[in-house]
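All values reported here derive from a predicted model rather than from experimental measurement.
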Number of protein chains: 2
Amino acid sequence: MNSTTHRLGDLQLRILQSLWARPNASVADVHSELKPERNLAYTTVATMLRKMEARGLVTHHEEGRTFFYRANVAAEEVNRSVGNHLVERLFEGSLSSAVHHLLSTREVSNAELDQLEILIKEARQRTK
Amino acid sequence: MNSTTHRLGDLQLRILQSLWARPNASVADVHSELKPERNLAYTTVATMLRKMEARGLVTHHEEGRTFFYRANVAAEEVNRSVGNHLVERLFEGSLSSAVHHLLSTREVSNAELDQLEILIKEARQRTK
DNA sequence: TGACAAAAACGACCTAGGTAGTATTACTTC
DNA sequence: GAAGTAATACTACCTAGGTCGTTTTTGTCA
């Protein structure tokens with residue numbers, strides 16, 4: 001894949017998320033999906049999709065005169081890449097200090113804490 | 001503070017980190033600190049510091065003809081802001097899915113897992 | 001005091017994201 | 001077949017990070 005999956009703009013990320021949820025979407029599809037949160041012009045979405053295709057982030061195929069886009073990078077890949085990049089540049093690679101900051105400044109429900117403990121147990125199993 | 005503490009460039013973040021570790025540093029100080037990892041021109045650092053001051057990220061005071069800079073935003077603040085922003089935009093605010101991704105794709109030592117469990121216990125105490 | 005060096009100021013340029021208007025093309029429908 | 005509509009294509013512009021080169025100022029020291 002592209003080595004620069006981290007460093008995606010906000011709009012690019014939202015478009016990718018839209019495509020992950022609804023693969024093979026036309027410009028109109030993406031545009032109307034994003035309409036409520038960002039009141040963008042149709043051409044803004046179209047232009048961004050074209051730019052993203054040039055960067056290899058999405059691909060398209062044509063049906064009649066309409067382009068249908070799909071993501072060319074996996075959600076897992078992007079999330080991992082962006083997440084790791086953040087931990088690296090902010091916390092020198094220390095996952096625990098990253099989580100520490102998150103935990104100490106966010107409201108975290110008990111259910112989420114339960115979930116986290118399960119994840120830790122699973123991680124222990126894996127490294128055993 | 002500034003509402004845009006998230007969205008800092010890599011260089012800006014590194015400069016801030018340098019200033020957090022060594023407050024009241026001259027351009028030469030920051031430049032030589034960053035020298036090993038990034039072979040930047042002196043003026044690059046100076047220019048970036050000036051731009052950062054214009055954005056309110058750092059301040060300076062003069063001693064003789066030399067500027068001494070210090071960070072105008074706290075490390076805690078920036079880390080929290082950047083971290084939260086990431087969790088929001090990548091995982092819709094779910095801390096556990098963020099941590100899940102991190103845990104599932106990184107090598108995490110047992111010591112770090114221990115540390116995480118302690119953090120969770122502390123968080124539970126706090127919300128009780 | 002005159003040369004040198006160090007420091008800041010300024011301006012220039014490139015890249016990339018983001019946003020959108022205008023032009024062109026082509027399909028549909030009366 | 002002409003008008004209207006819905007697509008894409010193209011171009012332009014703004015902002016911000018990042019990177020330096022050149023110029024100006026000023027202090028130091030032989």
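For the OP1/OP2 pair of dG17(C) and a distance below 4.0 Å, the side-chain nitrogens and oxygens of Arg55(A) include at least one atom meeting the criterion. Note on Thr44(A): every side-chain N or O is 4.0 Å or more away from OP1 and OP2 of dG18(C). Between Arg50(B) and the phosphate of dA8(C), there is no side-chain N or O to OP1/OP2 separation shorter than 4.0 Å. Listed pair Tyr42(B) / dA8(C) meets the phosphate criterion, a side-chain N or O lying under 4.0 Å from OP1 or OP2.
The listed nucleotides are dG18(D), dC20(D), dT19(C); the one nearest the side chain of Leu40(B) is dC20(D). For Thr43(B), whose side chain is taken as the heavy atoms from C-beta onward, the closest listed nucleotide among dT22(C), dC20(D), dT19(C) is dC20(D). Candidate nucleotides dA8(C), dG17(C), dG17(D) were compared by shortest atom distance to the side chain of Phe67(B), and dA8(C) ranks first. Side-chain proximity of Met48(B) to the nucleotides dT19(C), dT19(D), dA9(D) is greatest for dT19(D). For Arg65(A), the side-chain atoms get nearest to dT28(C) when compared with the rest of dG18(D), dT28(C), dT8(D).
Side-chain contact, His6(A) with Asn84(A): no donor N or O sits under 3.5 Å from an acceptor N or O.
Residue-to-nucleotide contacts include no donor-acceptor pair under 3.5 Å from the side chain of Thr47(B) to the base of dA9(C).
The nearest heavy atom of DNA chain C to Thr66(B) and to Ala41(A) marks one nucleotide each, and the one closer to the 5' end goes with Thr66(B).
Phe68(A) and Val58(A) fall into different hydrophobic clusters, where Ile, Leu, Val, Met, Phe, Trp and Tyr are joined by side-chain heavy atoms under 4.5 Å apart, directly or via other members.
Taking CD of Glu107(B) as the start and CD of Glu112(B) as the end, the distance is 11.0 Å to the nearest 0.5 Å.
Checked against a 6.0 Å centroid threshold, the rings of His101(A) and Phe91(A) count as neighbours.
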